[in-house]
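Counting begins at 1 with the first residue of the sequence. Whatever order the structure lists them in is the order used to number ligands and atoms, beginning at 1.
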Amino acid sequence: MAVKDYIRERFFPHLWCPGCGHGIILNGMLRAIDKLGLSKNEIVMVTGIGCSARIAGYVDFHTLHTIHGRALAFATGVKLSRPELNVIVPMGDGDALAIGGNHFIHAARRNIDMTAVIMNNRIYGMTGGQFSPLSGFGITATTAPYTNIDNAFDTVELAKAAGATFVARTSAYHVNEISNLIRKAILHKGFSVVEILSQCPTHFGRKNKEGEAADMLRRYKEVTTPIGSKAKKENPELIERGIFVQSQIPEYCSEYDKIIQKAMKGQ
Ligand SMILES: Cc1ncc(C[n+]2csc(CCOP(=O)(O)OP(=O)(O)O)c2C)c(N)n1
Ligand code: SF4
């Protein structure tokens, strides 16, 4: 199918600013789904609130547009009641790791089979550019006019430590990687995390003098490198892209089924 066949055209034009990275991620996500040959009825997309979370309105799957920071909680309910469906949860960095941080670590710890896509623009885009736990030290935001003194989480390290069994990262510049990594994450049985660095030219770019969207995309090319590359050894500041973790342990819904069977037999 064409990408546009997965879109709810009645909700277009979309509300994203010109140059926003979130549209690139939506495109990559739809290409991944298309390559997997999944029917629209086999997918549930669950989102919270944020510019990133608008995705649930734009795609023609089963969708839930829920409340800020709670997408993974709703998604857990969906997955437990309909484990045969593919549950995908796109989230902003604030949605996933500020207000939603607790849900994130516990969904990862349980290893429930769903794909969390973290669209990391290092800022609260929708509400006007407040700093998030991903902004990092020295960043300027509307709530940090003299620069931010909070240190940032490393999403990949956090996801690994919390127990996610598939952990990957790429950026909005690396369009083929977006669809490849999301495809592999959907295929993975367990809690999958794909962090995608996404530019917000309107707030992050403007406040931090990173230029226009094209400059921000170019920057992703310059500051990232494949995992274990020679460039990383020479410059430890570079951000690695690729698959960091891919492991198999018992998945939550399957184990829950076994508990139901045991209880039915009265054992
Ligand atoms: C309980 C609650 N608190 C705060 C808000 C206000 N709010 C809406 S979106 C948002 C943050 C959005 O940032 P992020 O999740 O990083 O997504 P982005 O807009 O950058 O894609 C906030 C704080 C809300 N809607 N609900
Ligand atoms: S405010 Fe930022 S994140 Fe939101 S649509 Fe505009 S560019 Fe994208």
Atom indices of ligand 1 within 4.0 angstrom of [X] heavy atoms, with elements:
X    : value
I123 : 16 (O), 20 (O)
G125 : 13 (O), 18 (P), 19 (O), 20 (O)
M126 : 19 (O)
C51  : 18 (P), 19 (O), 21 (O)
H22  : 21 (O)
G92  : 14 (P), 15 (O), 16 (O), 17 (O)

Set out, in order, the CA-CA distance, both residues' side-chain angles and the distance that settles side chain to side chain contact (heavy atoms under 4.5 Å, CB included) for D257 and I260, then state yes or no. CA-CA 5 Å; D257 265 356; I260 293 172; 4.2 Å; yes
Among all the protein's non-hydrogen atoms, which is closest to [atom], and how far away is it?
atom                    : value
atom 16 (O) of ligand 1 : G94 N, 2.9 Å
atom 15 (O) of ligand 1 : D95 N, 2.8 Å
atom 13 (O) of ligand 1 : Y124 CA, 3.3 Å
atom 22 (C) of ligand 1 : H68 NE2, 3.3 Å

For ligand 1, does I67 get within less than 4.0 Å through its side chain, its backbone, both, or neither, judged by non-hydrogen atoms?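 None of I67 does.
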In terms of the angle between their ring planes, are H14 and F12 parallel, tilted or perpendicular, with boundaries placed at 30° and 60°?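 The rings of H14 and F12 stand perpendicular, inter-plane angle above 60°.
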Looking at R169 and D154, is there a salt bridge between them, counting it only when a charged N and a carboxylate O are closer than 4.0 Å? yes
Should N121 and S198 be marked as a side chain to side chain donor-acceptor pair (under 3.5 Å) after you check the CA-CA gap, both sets of side-chain angles, and the distance that decides it? CA-CA 5 Å; N121 56 20; S198 177; 5.5 Å; no
Protein N/O/S atoms under 2.8 Å from atom 4 (Fe) of ligand 2: how many?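 Under the 2.8 Å cut-off, the count stands at 1.
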M114: which of V44, I88, T76 passes side-chain contact (heavy atoms from CB on, under 4.5 Å): T76
Is any N or O atom of [X], backbone or side chain, closer than 3.5 Å to an N or O atom of ligand 1?
X    : value
G50  : no
I99  : no
T127 : no
S52  : yes

Can a donor-acceptor pair be found between the side chains of S135 and R122 at a distance below 3.5 Å?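 No, no side-chain donor-acceptor pair sits under 3.5 Å.
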Could you tell me whether [X] atom [atom1] has more than 12 heavy atoms of other residues or ligands within 6.0 Å of it?
X    : atom1 : result
R206 : CZ    : yes
K221 : NZ    : no
Y256 : OH    : no
Y173 : OH    : no

Quick check, are the ring centers of F191 and F166 under 6.0 angstrom apart?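 No, they do not, as the ring centres are separated by 6.0 Å or more.
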With the 4.5 Å side-chain cut-off for hydrophobic clustering, are I24 and I123 part of the same group?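 No; tracing contacts between hydrophobic side chains, which count when under 4.5 Å, never links both residues.
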Just go through L97, I49, L134 and tell me whose heavy atom is the nearest to atom 9 (S) of ligand 1. I49
Would the distance check show the side chain of Q130 and the main-chain N or O of T127 forming a donor-acceptor pair, the cut-off being under 3.5 Å? yes
Side-chain donor or acceptor of N235 paired with backbone N/O of K232 under 3.5 Å: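 Flag not set: sc N235 to bb K232 has no pair under 3.5 Å.
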Run the numbers for me: atoms of ligand 2, each under 4.0 Å from some heavy atom of P201, listed by number.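 Counting atoms of ligand 2 from 1, those under 4.0 Å from P201 are 7 (S).
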